[in-house]
Protein chains: 2
Amino acid sequence: MEQGADIARARKPTLKDVANMAGVSPMTASRVIGDKGGVSAEMTRKVHAAAKKLGYARNEAARLMRPGQRSGLLGVIVTNIDNPYYAQVLLGVEAAAKDAGRQIITGFSHNDPRLEAELVRDLSARQIEGLIVVPARADAPHLAAAAKAGMPIALASRSINHGRVDTVLVDDIGAVRTEVGKLLDEGRHPIAFLGGEPTITTAARRYAGFVQAHTDAGVEVDQRYVRQMPSEPAAVVRVTRELLAMDEPPAAFFTANNRFSINVLRVLLDPHARWTPHSTAPRLVGFDTFELADLVPYPLTLIEHDAQALGRLAAELTLRRINSAERTPPITMTMPSVGVVHGLQPNSS
Amino acid sequence: MEQGADIARARKPTLKDVANMAGVSPMTASRVIGDKGGVSAEMTRKVHAAAKKLGYARNEAARLMRPGQRSGLLGVIVTNIDNPYYAQVLLGVEAAAKDAGRQIITGFSHNDPRLEAELVRDLSARQIEGLIVVPARADAPHLAAAAKAGMPIALASRSINHGRVDTVLVDDIGAVRTEVGKLLDEGRHPIAFLGGEPTITTAARRYAGFVQAHTDAGVEVDQRYVRQMPSEPAAVVRVTRELLAMDEPPAAFFTANNRFSINVLRVLLDPHARWTPHSTAPRLVGFDTFELADLVPYPLTLIEHDAQALGRLAAELTLRRINSAERTPPITMTMPSVGVVHGLQPNSS
DNA sequence: CACCGGCTTGGTAACGATACCATGTACGAC
DNA sequence: GTCGTACATGGTATCGTTACCAAGCCGGTG
């Protein structure tokens, strides 16, 4: 049974092997495989038969060497898909890539600019046609340089400070301003802010919206309630507990992404922290949605947008550049986001 | 300002360009770039300087043409990352790939065997060194063929019927048998089964565990409570409502993956369906975990395993084959899974 | 002083696929 | 019957890189 199997791995069949078996020249076989036309039905049949018999698959690396050949690869760099948000973005990119007959090659930067720069190099070496990136930091010279060198790039969700690059953002500032504004209008004050460090542009923008809402309401932002930090779960839980233990606990929390929201929720729902009169329970407003937000037994407002559409849009910007010969000035688009009320009322039976 | 920019896209610098600028032969430049040693410090410095100045990145496609060169690419095919479960698997694969100095190239089969077969061809054409697949169906001749042709492959989570391929499974049958058995021991009967169609091996195996538990308890499986179907949310919600509306509603639900669990939960938590005496509320046991399972106001037991570890293990099996010259018989590994009690008690205050 | 050995450097060919051009063939038109 | 044209096929060169071999240079040794 097993004796027929080669011990060494079988060499992959080449176009020449197919041509030999079909009794034609490699050139004719190439035309058939590449579906270029101008080959008789007879030969086409023979070549296809030989290719099938040998299990031939074209060597993309070799094809790619010829000038003017497209790799059909789109590079994607996201920070981490631990957060389902980025999985959605990735899904949108993939859908757009597929529509354009492209394959995606994915890297995860884990929010590390060094890793991100390495990935850009590596993907570039693999002859990707374009790149979609969720940049780790606002300061990203490697991305600016790649764009300048002619690589079609689009940034998704976050932007960078220097460099002329297509970018798809979310209406962070406006939506946060509106929703935090509502809290202040209700007289909720002070409001705690938990978000990423300002080197991350979304975190910075969401904080800006938070500040603007306060300015609108004529209220000072109390810095004792502001925490700009990585969204590491244990740290978020600890910080939330600290805030709740203050002499004047926050009347509401604003969380700048779903990682913060979830872990703040964990503390707010902790049975040890029971808000005897229901009205004194802090309100929670968070950016980004998360699965099961509708089933959580705590009232919360989430500022939501379509992450998949965002990914798709970014990919389409990249593809637009791939398909056009000239360099056009970079575009920045902003996707709408909207506050959605979620959560079951606790103990309301 | 903008006038200096070329209208046409700049040609990428080649190794020859670097060599010319450094005043050495392409061969010497190649040695420096490839870190092969045997080049004087002086030349090394010059080549690196030139490479940096030109923004040179090696053309991987050209390098790859030479015989015996590895692409450094690992192909990954998952069904969809809409389900965070597969994002975890992907993350595990990526971690293992990174440890081995490999990049991953990802495709989504959307559970369509035809798409999956296309992806295998396409990835193979890109000279991937190996492949990690969550197969869409148990019947997958394209995967068996690829393995037979010498492609290092590992299957993750699901298996295929024919073909000799390394596989990492989860202890579906045993864990389901145990947990469903507990329900039956408590006298819960009938138990509804909601899971995927049996062409998906995990769905089939989890159903097998469900049946075994009944056999153990000497109880007949009542087919009126069994639904094998795609996990499309609206359909799951509808089916759950139908089951609850039966003359004898199920005393418990078993859901074969987290998509089913979540949508069954949505119905069970619907305020219109209120279980006046708490004990009559159906119990829920589900396979796979999901984020926020701990915050859901409904008692549930989830059969959990480490999806990231599973992905990593599958990748390591593929890498093992990549690194060994001979063909060894395929391995099947089974990861443990364990029932975990979750969920807040409703209205328990 | 001749020779040897080690070290550095460069020339050449080849990987697999395809663009370009040249050649061959068949058939219709005058 | 000859020529032209359209179509089918094949030969050759080439893409960027690196393995292999050859050659040059140096210092040391007999």
Side-chain angles (χ1 to χ4, degrees), chain A residues 9-48 50-51 54-73 121-122 124-129, chain B residues 9-48 50-51 54-73 121-122 124-129:
Chain A
R9 200 155 294 156
R11 192 181 60 89
K12 287 196 178 183
T14 72
L15 192 55
K16 213 163 138 188
D17 299 329
V18 174
N20 284 344
M21 173 172 279
V24 299
S25 77
M27 206 44 244
T28 299
S30 170
R31 277 187 270 253
V32 173
I33 299 295
D35 206 15
K36 289 280 189 299
V39 180
S40 66
E42 168 75 359
M43 292 297 178
T44 305
R45 198 188 46 71
K46 277 202 248 176
V47 171
H48 276 141
L54 291 173
Y56 172 75
R58 176 161 64 185
N59 184 333
E60 284 294 317
R63 190 184 65 83
L64 217 56
M65 282 199 57
R66 303 304 318 278
Q69 301 279 2
R70 341 200 88 175
S71 67
L73 280 178
R121 273 191 80 78
D122 191 81
S124 183
R126 292 189 198 284
Q127 312 303 109
I128 53 170
E129 295 180 49
Chain B
R9 200 154 292 154
R11 192 181 60 86
K12 288 196 178 183
T14 71
L15 192 56
K16 213 164 136 187
D17 298 329
V18 173
N20 284 343
M21 173 173 277
V24 300
S25 76
M27 202 47 240
T28 300
S30 171
R31 276 187 270 252
V32 174
I33 299 295
D35 207 16
K36 290 280 188 300
V39 180
S40 66
E42 167 76 357
M43 294 295 176
T44 305
R45 197 187 47 72
K46 277 202 249 177
V47 171
H48 276 139
L54 290 173
Y56 173 76
R58 177 161 63 186
N59 185 331
E60 283 294 318
R63 189 184 64 84
L64 217 55
M65 282 199 56
R66 307 303 321 279
Q69 301 280 0
R70 343 200 88 176
S71 68
L73 280 178
R121 273 191 79 77
D122 190 82
S124 183
R126 293 188 196 283
Q127 312 302 110
I128 52 170
E129 295 181 49

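By convention in this document, chain letters (A, B, ...) are assigned in the order of the sequence lines, proteins followed by strands, and residues within each chain are numbered from 1.
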Under 4.0 Å, heavy atoms only, any strand: does Arg58(A) hit a base, just the sugar-phosphate, or nothing? sugar-phosphate
Nearest whole Å is fine: how far is dG10(C) C1' from Asn20(B) CG? 13 Å
Between NZ of Lys12(A) and P of dA17(C) the distance, given in whole Å, is 11 Å
Could you work out which one of dA17(C), dT9(C), dG10(C) sits closest to the side chain of Ser40(B)? dT9(C)
Atom CZ of Arg45(B) to atom P of dT9(C): distance rounded to whole Å? 13 Å
With a 4.5 Å limit on heavy-atom distance, are the side chains of Leu54(A) and Met21(A) in contact? yes
note: Lys16(B), atom NZ; dG11(C), atom P; distance rounded to Å ~ 11 Å
Please compare Gly38(B) and Tyr56(A) by the position of their nearest nucleotide in DNA chain C and report the one closer to 5'. Gly38(B)
Could you check how far CE of Met27(A) sits from P of dA17(C), rounded to whole Å? 12 Å
Could you check how far NZ of Lys36(A) sits from C1' of dA19(C), rounded to whole Å? 10 Å
Which one of Thr28(B), Val39(B), Asp35(B) satisfies the side chain to side chain contact (heavy atoms under 4.5 Å, CB included) criterion with Thr44(B)? Val39(B)
Relative to the 5' end of DNA chain C, which residue comes earlier, Val24(B) or Pro67(B), by the nucleotide with the nearest heavy atom? Val24(B)
At 10 degrees resolution, what angle do the end axes of the helix from dC1(C)-dG30(D) to dC30(C)-dG1(D) form when each is taken over five base pairs? 60°
Distance (rounded to the nearest 0.5 Å) between Arg121(A) CZ and Tyr56(B) OH: 9.5 Å
Flag the pair Gln127(B) / Leu73(B) as yes when at least one side-chain heavy-atom distance between them is below 4.5 Å, and no otherwise. no
Got Leu15(B) and Arg58(B) here, is their nearest side-chain heavy-atom distance under 4.5 Å? no
What I'd like to find out is whether the side chain of Arg45(A) reaches to under 4.5 Å of the side chain of Glu42(A), using heavy atoms alone. yes
Can you find a pair of side-chain heavy atoms, one from Ser30(A) and one from Lys36(A), that are under 4.5 Å apart? no
Without swapping roles, check the side chain of Asp17(B) against the backbone of Thr14(B) for a donor-acceptor pair under 3.5 Å. yes
Between atom CD in Gln127(B) and atom C1' in dG16(C), what is the gap in whole Å? 9 Å
Separation between NE2 of His48(A) and CD1 of Ile33(A), rounded to the nearest 0.5 Å: 5.5 Å
I'd like the 5' and 3' limits of the part of DNA chain D contacted by chain A, with heavy-atom contacts below 4.0 Å. dA8(D) to dG16(D)
Integer-rounded Å distance: dA19(C) P and Leu15(A) CG: 12 Å
So for Arg66(A) and dG16(C), does any side-chain atom that can act as donor or acceptor lie under 3.5 Å from a complementary atom in the base? no
